[in-house]
Amino acid sequence: RPSETDVAQAFYRRPEDAQDDADRSTTVEIGGGESESTTVALSVTSDEGFASQFRFDPVFSPQEFELADLEIRCRWSAG
């Protein structure tokens with residue numbers, strides 16, 4: 001939970017990608033303040049598959065934040 005309203009961003013790479021690219025990312029606005037923790041879910045899709053690393057930026061602007069848990073799941077579909 002960030003102290004101010006902000007944006008969380010998750011980046012993914014395809015197997016052939018050498019670096020992160022905003023075109024291969026997704027964002028979600030997250031609320032700030034003194035409220036209890038909030039669950040944030042981001043979903044990314046790639047027809048080419050994924051490389052073995054992801055990048056998650058929990059906030060965009062410099063500020064204090066608390067990250068209680070992070071879970072990444074891969075759902076594979078054969079067509």
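At distances below 3.5 Å, at least one donor-acceptor pair connects side-chain atoms of Arg13 with backbone N or O atoms of Ala18.
Phe11 CZ to Asp21 CG: the interatomic distance, rounded to the nearest 0.5 Å, is 8.5 Å. Of the inter-residue distances, the one linking Thr5 atom OG1 with Phe60 atom CZ reads 14.5 Å to the nearest 0.5 angstrom.
Taking all atoms of both residues into account, the shortest heavy-atom contact from Phe56 to Leu67 is CE2-CD1, 4.5 Å. Gly49 and Pro15 make their closest contact through O-CD, 3.7 Å (heavy atoms, listed as atom of the first residue, atom of the second, distance). Shown here for Pro58 and Ile30, the closest heavy-atom pair between the two residues is O-CD1, 3.2 Å.
Applying the side chain to side chain donor-acceptor pair (under 3.5 Å) criterion to Thr26, with sequence neighbours excluded, gives no partner residue. Residues satisfying the side-chain contact (heavy atoms from CB on, under 4.5 Å) test with Arg14, not counting sequence neighbours, are Tyr12, Glu16, Asp17, Arg24, Ser46, Glu48.
Residues Leu70 and Leu42 are members of one and the same hydrophobic cluster, defined by side-chain heavy-atom contacts under 4.5 angstrom among Ile, Leu, Val, Met, Phe, Trp and Tyr. Hydrophobic cluster membership differs between Val40 and Phe54, with clusters built from Ile, Leu, Val, Met, Phe, Trp and Tyr side chains linked at under 4.5 angstrom.
With 3.5 Å as the limit, one finds no donor-acceptor pair spanning the side chains of Gln9 and Thr27.
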